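Keep in mind it's a predicted model, so treat the numbers as computed, not measured. A note on names: the letters A, B, ... follow the listed sequences, proteins ahead of strands, and every chain is numbered from 1.
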Number of protein chains: 4
Amino acid sequence: MARTIDPAKHEARRLVIIDAALTCFAATGYAGTSTAAICRQAGIGSGTFFHYFPTKQSLLLAILAYGTEETRDWFAARADDEDPLAVVVAYLDHTAEEMSDPRMAGFVRAVSAVMGEPDVEAALALDTRVLEDGLEPWIARAQAAGQVRTDLSARDLTAWMLVVLDGFLGRVAVDTDFTAEGQRDTLRDVVRRVLSR
Amino acid sequence: MARTIDPAKHEARRLVIIDAALTCFAATGYAGTSTAAICRQAGIGSGTFFHYFPTKQSLLLAILAYGTEETRDWFAARADDEDPLAVVVAYLDHTAEEMSDPRMAGFVRAVSAVMGEPDVEAALALDTRVLEDGLEPWIARAQAAGQVRTDLSARDLTAWMLVVLDGFLGRVAVDTDFTAEGQRDTLRDVVRRVLSR
Amino acid sequence: MARTIDPAKHEARRLVIIDAALTCFAATGYAGTSTAAICRQAGIGSGTFFHYFPTKQSLLLAILAYGTEETRDWFAARADDEDPLAVVVAYLDHTAEEMSDPRMAGFVRAVSAVMGEPDVEAALALDTRVLEDGLEPWIARAQAAGQVRTDLSARDLTAWMLVVLDGFLGRVAVDTDFTAEGQRDTLRDVVRRVLSR
Amino acid sequence: MARTIDPAKHEARRLVIIDAALTCFAATGYAGTSTAAICRQAGIGSGTFFHYFPTKQSLLLAILAYGTEETRDWFAARADDEDPLAVVVAYLDHTAEEMSDPRMAGFVRAVSAVMGEPDVEAALALDTRVLEDGLEPWIARAQAAGQVRTDLSARDLTAWMLVVLDGFLGRVAVDTDFTAEGQRDTLRDVVRRVLSR
DNA sequence: CATGAATGAGTCTTCATTCAT
DNA sequence: AATGAATGAAGACTCATTCAT
């Protein structure tokens, strides 16, 4: 009767819970989502939930870590690219695409409001850090290649790129006439304007 | 006689509570702030709180209405200005100045994540509406005057200005190296780039 | 400027509060009525309320005492009557008449639910006592005069009269088709049947 | 497997809570009873309470529904009886017996004073309705059989039976010398007198 | 492993009462 | 006397988390 643990099944169920949480957090916010609601959405019992995640917060951290990892992977895959500016623009497209999952925008809003929780702030800081660390070298290389302005530091330019990107995501979340797909070209144009010499 | 109400004193205490709430919401978010915490911060008893605001949510709505009114006033005061682009830039400066209260950025984050509360969503929608209605005519006039590009509609340009502005506010809230004052000139530059023909 | 207390004015205002309380208690019950609601109904400030009654409960006790006193007076006025059974029937009519104030029925229900408050229970017990002490001698006299049955004690007959009376009041409070006026004759008939030999 | 629910155990605990509530409501009234008091009496935590009943009011409604159901069952079981008056008298005995649980009388008082709660009023109205619908046909049949007076309508006679019954219950609650058992015979006699031609 | 019953700390809110004006 | 602002104890209810089955 050796009831062996099936890691694949375990991971699959973990993802079901994460997916359910994404839906709930996006719809009602982090604090506004009860673990009971997540369980309902995931089709599991409350006891099961805590088999997979020791706390509600740990689930949020897992989701964040998941996103951070994805960002890391995305930049790792471009390690050998040649055209710096093209990588930057590709990241914009990638982000716009991710936002085509309509839950993402709500999730971003929801997460940004979890304040005063050191672990969450740390996870968000790490996420930002990874993104900056992924982006800044390409910006610096683009500066060296004469593709972008040099009157601002690479760090500042990166920060302003993220300003535009975060503003874009927030707008998509709030303004139903402002869609990620419809504005993708303008997004590229705006970023080029911000970076150009 | 026996007119006990001193309207000035009443209003003053109202503002003390609003100020305390601003501090708390900015630090721990709306849901993460208990009315007890606000009372502690304001130095009042729990009963007094509900003497001034019937619910926790009504306090939030009062703050939002306050901000909306300020925006309305700001644009009303510029009704007779001549240079459209100058008004737009002045609004950027005004916003950056408001953000010099370090709590404002956190408050914006906190509020933007109150989801599922129809009254709050309505108040936020109104706030956005008032801002758009204030800004868009000036952008349109700037287009007519040949000061800004015309390949995008005034509405789209307004939306993109708000993208930059909201992104800017979010960044200030998150990145301690990125201050409203230090980046004010770059903010102006970025917006000019986005708008220029 | 000798601001002398005007006892008449004081008493008048006391009665205004009592009347307001009667209305409120009848409509929403004792616990369901806030002192604020009574003040609103009476057109006074909350501070004034506590000038006239030290506690909410003391107001209830005052009303009860008022009713008890009225009962006492009613029987005192009949002290020299000749026909015992006529007095009993007259009391039934008197009660039915009091119930034509539609608030009375609700008030009776409201008061009967204030349980566990020793002072209120004592006041209610006294009220019952005064009524029993008023009624029982007449019943006993009616027995002696051969007007009513003697197979039950005067005490028991009195208790059963109150059973009918209280049941009558409760029914009036609950059944809108069952009015004090419309059923007055039947009330007399029923009591006669209960008492007759 | 993993079917944790033991319906019997669940129902048993539900009854423990209902029993505790009956005790508390009878002693201190509905409004005067805190959910905490019920939990203490039932030996459960506050969370458990709301696991079984979503609100304090729903518990009251459950108890009322329980009583209504019992009344319905009682009359359903007599559907084929022959002697109408005997059924009526049997119901009196049945009620007197129920009142031998000394809490019942207090509970009736407590409940009759829950005012302004539409759901409770509806439940009480239904309870009354079921009782009337159970009783009135038997009274009408007794009239047809010449067992009771016909100068009043069956509806009025039913109302007056309930007057006596409610008055009886109220008296039992208030007068410690007046017990349900001791007065059972007189109750029968009084009702016969009210109904007789 | 999976479940859901049980828990109690914590939340928002109400309200009788006090007191300075 | 009259007022209403201020208070804090108490109440109903929520929810993340634990644990026996």
Closest non-hydrogen atom pair between C:R14 and C:A62, with its separation: NH2-CB, 3.8 Å
Options E:dA6, E:dT17, F:dA16, nucleotide nearest the side-chain atoms of C:T35: E:dT17
Side-chain N,O (C:Y52) to OP1/OP2 (F:dA2) below 4.0 Å: yes
Side-chain donor/acceptor of D:T28 to backbone N/O of D:F25, under 3.5 Å: no
Closest-nucleotide 5' rank along DNA chain E - winner of D:I44 and B:K9: D:I44
Rounded distance (Å) that lies between atom P of F:dA5 and atom CZ of B:R14: 13 Å
Atom-pair distance (CZ on A:F49; C1' on F:dC19), nearest Å: 17 Å
Residues D:R13 and D:D19 bridged, charged N to O under 4.0 Å: no
Pair partner, F:dA20 [Watson-Crick or wobble, under 3.5 Å]: E:dT3
Nucleotide nearest A:F50 (side chain, heavy atoms from C-beta), chosen from F:dT7, F:dT17, E:dT13: F:dT17
Under-4.0 Å side-chain N/O to phosphate OP1/OP2 contact, D:R13 with E:dA6: yes
Nearest-nucleotide pick for B:T48, side chain only, options being E:dA5, E:dC12, F:dA6: F:dA6
Nearest-angstrom distance from the residue atom CD1 of D:I38 to P of F:dC13: 10 Å
C:F50 six-ring centre to C:K56 NZ/CZ under 6.0 Å and within 45° of normal: no
Rounded distance (Å) that lies between atom P of F:dC13 and atom CG of D:L60: 12 Å
Sugar-phosphate only, base, or nothing, as touched by D:G45 at under 4.0 Å among non-hydrogen atoms: sugar-phosphate
Sugar-phosphate only, base, or nothing, as touched by A:F53 at under 4.0 Å among non-hydrogen atoms: nothing
Earlier contact from the 5' end, DNA chain E, for A:G47 and C:P54: A:G47
Interatomic distance, B:R40 CZ vs F:dT7 C1' [rounded to whole Å]: 16 Å
Value in whole Å for how far the C1' atom of F:dG11 lies from NZ of D:K56: 8 Å
Base paired to F:dA9 (Watson-Crick or G-U; both N/O distances under 3.5 angstrom): E:dT14
Touch class at under 4.0 angstrom, heavy-atom based, for D:T33 against every strand present: sugar-phosphate
First of D:S34 and A:A31 reached from the 5' end of DNA chain F, by closest nucleotide: D:S34
Distance-only donor-acceptor test, B:H51 side-chain atoms vs F:dA6 base atoms, 3.5 Å: no
Non-hydrogen atoms of C:D127 and C:G67 that approach each other most closely: OD1-C, 4.1 Å
Nearest-angstrom distance from the residue atom CD of C:E11 to P of F:dA1: 13 Å
Minimum heavy-atom distance A:M115-A:E121, with the two atoms named: CA-OE2, 3.8 Å
No-H, no-angle donor-acceptor pair, B:S46 side chain to F:dA9 base, under 3.5 Å: yes
